[in-house]
Amino acid sequence: MLTAPSRFVGGTTLLWGLRGWRGFRRAWALLSPAPRACGWVGLLTGHLRAGPATFARSAGLEHAPGGFRHRLARLCRCAAAWNGLLAALLLVCVADRALGQTAPAGNEHPRADTIAEVKGPNPFAVDGGEVKTMDANAKAEFAAGLRLDPLRDLAVFHDGRVKILDTLARETVSTITGKKKYFDYVLVEGKQTALRKRFDPMFTLMDMMVDPGYYRTRPLIGVDYLPLREAFLEKLFTDKGEIEWWKRDGRLKPADVERTWEAVVNENALKPGFGRALEKVEFEVRLAGNAWRSLLMVAPPSEAEPWAHLDTLPAEAPARTAMKDMIIAWRGADAAGVNAAAERLSKELPKINAGLYPTTKRSMERMYNSANAFEWGFWLYALALLMLLLAFGTSRRWLAVGGMALLFGGLGLHAFGFIARCIIAERFAIQNQFESMTGLSLFAVTVGTVIMLARRQWLFGAAAAGVGFMVLVTATQAGIPGMTVEREAPILNTSVLLKYHVTTVLLSYGLIALGFIVSLFYLVTHYAGRMRTGITGKVALAGGGAVGVSASALGMDEGAHRVGSARVLADLDKAQMIILQLAFWILGVGILLGAWWADHSWGRWWAFDPKELWALVTWIVYLIVIHLRFTTAGASRGLVTAWLSVVGFFVMLWTYFGVNLLLPGLHAYA
């Protein structure tokens with residue numbers, strides 16, 4: 001392993017080595033063997049990257065046979081790529097310096113106070129929650145008659161910010177069950193089987209407060225770590241069929257978890273992977289039994305004072321009376337009484353310290369929750385991509401128009417979701433993994449759509465729809481961290497430079513994804529053309545196949561006019577280079593802005609953090625792309641560019657996901 005001075009000298013000598021012999025002489029003067037190796041590589045690559053003719057003259061090989069010079073040309077192109085690859089490898093070698101670093105103070109997100117510090121027993125339950133008020137069938141019938149909409153946008157202080165009760169219900173149910181909605185098994189009269197019945201998160205939250213005894217014996221606690229789920233089930237059941245059934249369900253009863261907890265912990269606590277899973281299950285059980293503590297819904301008289309719990313209101317207060325009437329009606333399964341009391345409560349609570357009670361923001365958050373903009377957005381993007389591909393293959397204009405309409409619809413929903421989240425969070429919403437993914441895809445789709453309109457080539461619209469679908473479906477369906485609106489880490493609020501740095505880098509990542517899809521078009525067209533050409537050497541035309549699809553995507557298919565594959569590939573190459581050059585320059589600017597922000601926030605420009613190093617490696621890949629454009633001639637230039645674009649895309653994915661999730665470092669919040 002290189003020492004710290006050797007790393008510095010090695011990196012410096014690498015830059016000298018790229019100049020050829022002059023760099024080699026400087027490198028040899030240094031004592032470290034690692035920099036000497038860089039100097040030798042620089043001696044070779046510094047001459048080779050000048051091209052085969054220059055190297056042949058310097059080596060006295062200008063009169064060598066043509067076959068040898070051809071092989072020499074290939075060697076020169078490989079050497080040009082090795083310039084950047086060697087630099088990337090050296091950067092990766094020094095990444096270990098960051099692994100032992102401790103993040104500066106304020107680098108983490110504030111700890112979530114999901115369970116509020118409210119003393120006393122549950123004021124909404126009967127006899128401390130041991131008495132059940134209804135069975136599953138009665139609850140399903142009761143829930144069908146409720147109208148809880150007046151309660152959804154009531155303000156509640158939770159986890160460090162003011163949100164609406166609908167958001168609290170969604171987050172609580174999702175945390176406890178691991179699902180967006182709680183579902184129960186309802187017996188159907190006259191049948192031996194039970195049907196799944198999904199309940200509104202608002203109903204589930206309120207019902208857990210009023211009737212906690214019921215949920216102690218219902219499948220409620222989500223155990224997403226399969227080995228831990230199996231450990232519990234093996235303690236609970238002996239029948240393998242029953243174990244498999246509950247294993248597929250993914251949830252356990254709180255009473256069963258408490259009964260087998262000690263035995264499971266004693267056997268598995270020290271096993272790899274079990275520690276965090278056990279902590280999560282323990283927290284879910286506590287949250288399920290203490291959800292009532294989160295009702296900090298009474299606005300304070302001043303901003304310096306905390307929000308108060310509903311149970312702290314005077315007995316004669318109209319809001320307290322309405323809440324009491326609603327709970328009594330709930331216990332009696334009186335849906336009409338609950339609806340009337342809920343309407344009164346929704347009018348009385350905002351009157352308490354009305355000057356500090358939020359107004360417009362509550363409506364925006366309710367719209368954000370009900371719209372599910374990111375999920376509907378990825379469906380519209382998927383349909384837009386499908387229709388555009390069909391339009392390219394069939395030359396049906398109505399399909400292209402429909403695809404464009406769906407693309408603009410998806411972009412509109414996507415933009416609404418992103419802007420609404422910014423308003424709700426009261427910050428630029430790019431500060432965790434989920435937010436950065438929604439922002440990245442929004443920037444990419446916007447840029448792709450603008451380029452499409454400017455150049456009148458549908459290909460960019462298809463690429464934009466592909467990126468929007470690919471990123472949003474991952475963000476919303478893969479359990480990406482940060483889906484809930486959270487407080488920002490203090491370090492992220494030290495300078496406005498953060499917004500410029502992160503936005504610029506995310507824009508470059510979006511462009512890399514766009515370039516990846518355009519390069520896939522190029523590769524499919526190239527290899528499909530070669531397959532059609534076969535050994536005859538005939539040129540494939542745009543009458544069908546991948547060449548025809550690409551020609552139509554580029555707006556080159558004009559009626560009976562048939563376009564040669566060479567022209568299609570040339571235009572695809574031009575399209576991918578437009579995007580990749582933008583990605584190269586914007587990522588470079590983003591890295592420089594990040595160094596500036598790091599100096600402002602951490603007092604250092606560069607810290608050998610894995611995120612910093614891999615961002616630079618990603619940039620070097622595109623530096624190689626630009627470099628090879630000047631050293632590679634002929635038809636292979638576009639093919640080399642396309643393959644490097646694919647490589648760069650996967651390097652970017654590692655930088656974006658792998659580094660964040662697998663490597664410790666200073667970018668823990670990202």
Side-chain angles (χ1 to χ4, degrees), residues 99 108-109 111-112 114-115 170-185 194 196 198-199 201 204 208 212 215-291 432-434 437 473-484 486 610 653-654 656-665 668 670:
L99 299 184
E108 304 84 7
H109 280 289
R111 185 176 179 179
T114 309
I115 302 176
R170 290 168 182 255
E171 292 176 359
T172 302
V173 171
S174 176
T175 300
I176 294 173
T177 67
K179 311 289 183 182
K180 291 185 178 179
K181 291 184 177 181
Y182 168 75
F183 62 88
D184 208 339
Y185 297 101
R196 279 188 176 189
R198 295 183 181 274
F199 291 90
T204 304
M208 282 194 301
Y215 290 93
R216 284 184 49 78
T217 57
R218 306 305 295 176
L220 180 69
I221 306 301
V223 184
D224 52 8
Y225 188 56
L226 181 58
L228 178 59
R229 190 156 72 241
E230 291 174 339
F232 276 112
L233 293 174
E234 288 170 0
K235 298 292 183 185
L236 293 168
F237 307 105
T238 56
D239 182 72
K240 291 185 177 180
E242 198 165 10
I243 291 175
E244 287 298 320
W245 195 90
W246 284 107
K247 190 189 299 184
R248 289 193 298 271
D249 182 280
R251 301 172 303 160
L252 298 175
K253 302 171 185 177
D256 287 343
V257 172
E258 294 173 4
R259 181 160 54 91
T260 58
W261 178 259
E262 186 175 355
V264 171
V265 169
N266 290 339
E267 292 182 10
N268 301 282
L270 299 180
K271 294 181 181 179
F274 276 82
R276 182 175 297 180
L278 284 167
E279 289 179 3
K280 184 174 182 293
V281 170
E282 188 269 340
F283 176 76
E284 290 170 3
V285 173
R286 285 197 300 114
L287 180 59
N290 292 276
N432 59 45
Q433 192 78 50
F434 178 83
M437 290 182 72
V473 73
T474 304
T476 57
Q477 306 302 314
I480 297 297
M483 292 188 69
T484 58
E486 302 169 337
L653 287 184
W654 166 254
Y656 187 53
F657 288 107
V659 173
N660 284 359
L661 301 177
L662 301 177
L663 298 182

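No experiment lies behind these values; they were computed from the predicted model shown.
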Exercise. Ignoring hydrogens and geometry, is there a side-chain-to-backbone donor-acceptor pair from Asp256 to Leu252 under 3.5 Å?
Worked result: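 Side chain of Asp256 to backbone of Leu252, a donor-acceptor pair under 3.5 Å: no, none is there.
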If you count the non-hydrogen atoms of other residues, nucleotides and ligands that lie under 6.0 Å from [atom1] in [X], is the total more than 12?
X: Lys181; atom1: NZ; answer: no
X: Arg198; atom1: CZ; answer: no
X: Glu262; atom1: CD; answer: no

Hey, could you give me the [atom1]/[atom2] distance between [X] and [Y], rounded to the nearest 0.5 Å?
X: Leu287; Y: Lys280; atom1: CG; atom2: NZ; value: 11.0 Å
X: Lys240; Y: Ile243; atom1: NZ; atom2: CD1; value: 8.5 Å
X: Met483; Y: Glu171; atom1: CE; atom2: CD; value: 10.5 Å
X: Leu228; Y: Leu233; atom1: CG; atom2: CG; value: 9.5 Å

[X] versus [Y]: any side-chain heavy-atom pair under 4.5 Å?
X: Thr474; Y: Met437; answer: yes
X: Glu279; Y: Phe274; answer: no
X: Ile221; Y: Lys253; answer: no
X: Asn268; Y: Lys271; answer: yes
X: Lys235; Y: Glu267; answer: yes
X: Leu236; Y: Arg259; answer: yes
X: Val257; Y: Glu282; answer: no

Heavy-atom closest pair, residues [X] and [Y]:
X: Thr175; Y: Phe283; result: CG2-CE2, 4.0 Å
X: Gly222; Y: Glu284; result: O-OE1, 2.7 Å
X: Ala269; Y: Leu278; result: CA-CD1, 3.9 Å
X: Thr172; Y: Ala291; result: CG2-CB, 4.5 Å
X: Tyr185; Y: Pro219; result: CE1-CG, 4.2 Å
X: Arg251; Y: Thr177; result: CG-O, 4.2 Å

Problem set entry | Partners meeting side-chain hydrogen bond (donor to acceptor under 3.5 Å, both in side chains) with Glu242 (sequence neighbours left out) |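 If we apply the side-chain hydrogen bond (donor to acceptor under 3.5 Å, both in side chains) test to Glu242, skipping adjacent residues, there are no hits.
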Problem set entry | CA sep, side-chain torsions, deciding dist, call: Asn266, Trp261, side-chain contact (heavy atoms from CB on, under 4.5 Å) | CA-CA 9 Å; Asn266 290 339; Trp261 178 259; over 6 Å; no
For this session: Identify, with sequence neighbours excluded, every residue that meets ring-ring contact (aromatic ring centres under 6.0 Å, His included) alongside Phe232.
Result: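 With neighbours one apart ignored, the set is empty.
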Problem set entry | Residue list, salt bridge (charged side-chain N to carboxylate O under 4.0 Å, His left out) with Arg218, at least two apart or on another chain |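 Salt bridge (charged side-chain N to carboxylate O under 4.0 Å, His left out) list for Arg218, sorted by chain: Asp184.
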For this session: Take the angle between the ring planes of Phe237 and Trp246 and call it parallel below 30°, perpendicular above 60°, tilted in between.
Result: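 Judged by the thresholds at 30° and 60°, the geometry between Phe237 and Trp246 is parallel.
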For this session: Please step through side-chain contact (heavy atoms from CB on, under 4.5 Å) for the pair Ile176 and Met208, ending with a clear verdict.
Result: CA-CA 11 Å; Ile176 294 173; Met208 282 194 301; 3.9 Å; yes
